[in-house]
Amino acid sequence: MSRDVLERILWSLSVDRFSKEKFRENPQKFLSRFPIDEEGVRMILEFDVKGMQEVGVNPMLTLGYWIEMSPDRRVSSYNRKLGSDSAHSASIKG
Amino acid sequence: MAEITGGFLVPHDPIMFVAPDAPEAEKAKKVWDAYETCAERLAESGASSVIIVGNDHYMLFGTTCLPKYCIATGHVEGPLDQLPGLKKEQVQNHEALAQHIAAHGSETGFDWAVARSFTTDHAFSIPYKLIVRRAEEISGRSISAIPVYLASAVDPFITKARACQLGEQIRGAVEAFESDEQVFVIGSGGISHWVGVKETGKVNEEFDRQIIDLCCNANIDGLVAFTDEQVLENGGNGAMEIRNFICAMAAVNAPRGELIEYQPVPEWVTGLGFIELKKG
């Protein structure tokens with residue numbers, strides 16, 4: 001699994017409006033432009049932030065990607081996905 | 001010649017803006033008041049410009065280019081990550097001094113990445129708004145601000161030793177700048193906080209107090225001596241931002257620091273420390 005490509009995709013989905021639109025329209029088609037394997041596609045489509053961190057993806061990117069693109073965008077849900085029991089769930093996004 | 005006459009080490013916690021009422025009111029007030037104290041002291045100083053040493057949070061620089069250290073030498077605005085009460089604004093950069101620091105670096109072994117047009121994130125914009133802009137209001141004079149960004153949150157990290165050397169280079173450049181102006185340097189970041197990881201919300205007061213003691217004793221070597229593993233274990237990935245402190249301390253070269261305030265605030269997921277770097 002390429003940490004570098006995952007980071008490129010997550011960074012695009014965190015900050016680039018065009019990439020966000022294309023991902024929302026057709027995530028598989030958007031991801032087909034990048035050289036990632038099936039496991040990488042799965043992690044992104046399933047918002048497997050824990051799995052991505054385990055392969056070395058920077059947590060600031062997994063958090064930004066979650067806040068921008070996940071279905072409920074809440075940090076409390078993000079924390080649960082990581083296996084955290086943190087009660088502190090304030091988002092860095094306004 | 002210009003001179004660095006003082007500085008501060010302060011946090012840049014965005015949760016303060018998103019959830020201002022999360023901590024108990026008295027604790028929150030102490031933190032906001034600490035920024036005000038810094039603003040008042042900057043206003044009282046004769047400084048006409050400030051260098052703010054912060055770090056990107058994987059928003060400004062992408063995977064295609066990750067600079068170890070970058071200085072904004074032209075137009076500046078920000079923050080990119082707007083927050084309630086922290087909206088994007090134009091920043092009055094000191095372009096001549098910023099360009100001089102970069103050029104001086106080229107002559108002395110520091111190959112700065114330069115941003116001819118730059119958008120900041122909250123690492124710059126929180127202290128800019130709460131200290132620099134507020135000091136302008138208090139003093140009635142204009143204070144320009146130069147963004148310096150270190151690789152303190154995204155690897156490959158700048159080493160702590162290099163952050164120290166960079167601070168020394170900034171000081172040398174300022175002192176070689178043909179002007180009689182006074183400059184402050186703000187190190188923006190820390191202290192303990194875990195960002196985007198399962199430990200988020202943890203604050204390590206013991207580690208924070210260790211860092212504060214080192215800063216107040218101007219013990220840069222003590223800060224540099226921490227391994228990254230020690231910092232990550234005890235202070236979290238957010239505490240890697242002590243690089244920003246090291247750079248600012250080396251730039252100011254103060255004999256001591258004065259603790260203005262420290263509050264461990266789990267509701268804001270951070271140990272929040274405020275230190276003035278005192279030259280006198």
Side-chain angles (χ1 to χ4, degrees), chain A residues 2-20 33-36 40 47-70 73-94, chain B residues 12-23 55-66 79-88 119 121-123 125-126 151-157 193-203 232 236-238 240-241 265-270:
Chain A
S2 169
R3 171 237 173 147
D4 293 344
V5 177
L6 282 172
E7 289 205 343
R8 177 164 190 167
I9 295 168
L10 264 54
W11 185 77
S12 297
L13 293 174
S14 296
V15 304
D16 179 52
R17 183 175 299 174
F18 179 78
S19 295
K20 292 178 196 177
R33 300 170 188 166
F34 298 93
I36 54 170
F47 293 89
D48 183 2
V49 290
K50 183 179 181 185
M52 286 190 270
Q53 288 188 9
E54 286 172 354
V55 298
V57 173
N58 190 302
M60 295 188 193
L61 281 180
T62 57
L63 178 60
Y65 158 69
W66 180 276
I67 292 168
E68 291 295 326
M69 303 304 298
S70 71
R73 305 177 66 183
R74 292 202 284 194
V75 179
S76 55
S77 305
Y78 173 87
N79 289 339
R80 281 196 297 274
K81 195 89 173 175
L82 284 176
S84 166
D85 57 358
S86 173
H88 307 296
S89 58
S91 166
I92 60 169
K93 298 290 182 180
Chain B
H12 58 237
D13 186 347
I15 315 297
M16 290 176 57
F17 290 81
V18 178
D21 300 326
N55 59 279
D56 180 32
H57 298 78
Y58 233 150
M59 284 185 272
L60 310 179
F61 307 124
T63 47
T64 54
C65 186
L66 293 166
L80 178 70
D81 51 336
Q82 298 185 77
L83 300 164
L86 192 73
K87 297 306 176 190
K88 186 181 284 185
T119 302
D121 73 354
H122 64 273
S125 292
I126 288 177
S152 300
V154 180
D155 67 299
F157 302 106
H193 58 300
W194 281 256
V195 182
V197 294
K198 66 180 180 182
E199 296 89 350
T200 296
K202 177 180 170 184
V203 173
L232 288 167
N237 54 345
M240 299 291 267
E241 293 168 349
V265 188
E267 297 87 349
W268 288 342
V269 303
T270 307

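Order of the sequence lines sets the chain letters (A, B, ...), proteins ahead of strands, with each chain counted from 1. What you see below is based on every heavy atom in this structure, not just the backbone, and it leaves out hydrogens, waters and symmetry mates. Worth saying up front: this structure is predicted, and the values here are computed from it rather than measured.
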- Specify the closest pair of heavy atoms between B:Gly196 and A:Pro59, including all atoms of both residues, with the distance to one decimal. O-CB, 3.5 Å

- Message: Please give me the minimum heavy-atom distance between A:Trp11 and B:Leu60, naming the atom from each residue.
- Response: CZ2-O, 4.3 Å

- In this structure, are over 12 heavy atoms from other groups packed under 6.0 Å from A:Lys20 atom NZ? yes

- Does atom CZ of A:Arg33 have more than 12 heavy-atom neighbours from other groups under 6.0 Å away? yes

- Query: B:Tyr58 versus chain A, heavy atoms under 4.5 Å apart: side chain, backbone, both or neither?
  - Reply: both

- Here the gap from A:Arg3 atom CZ to B:Asp155 atom CG, rounded to the nearest 0.5 Å, amounts to 4.0 Å

- Item | Value rounded to 0.5 Å, distance of CG in A:Leu61 from CE in B:Met59 | 10.0 Å

- Heaviest contributor of heavy-atom pairs below 4.5 Å to chain B, chosen from A:Asn58, A:Val49, A:Leu10, is A:Asn58

- Task: Could you tell me which portion of A:Gln53 (side chain, backbone, both or neither) has an atom closer than 4.5 angstrom to a non-hydrogen atom of chain B?
- Result: side chain

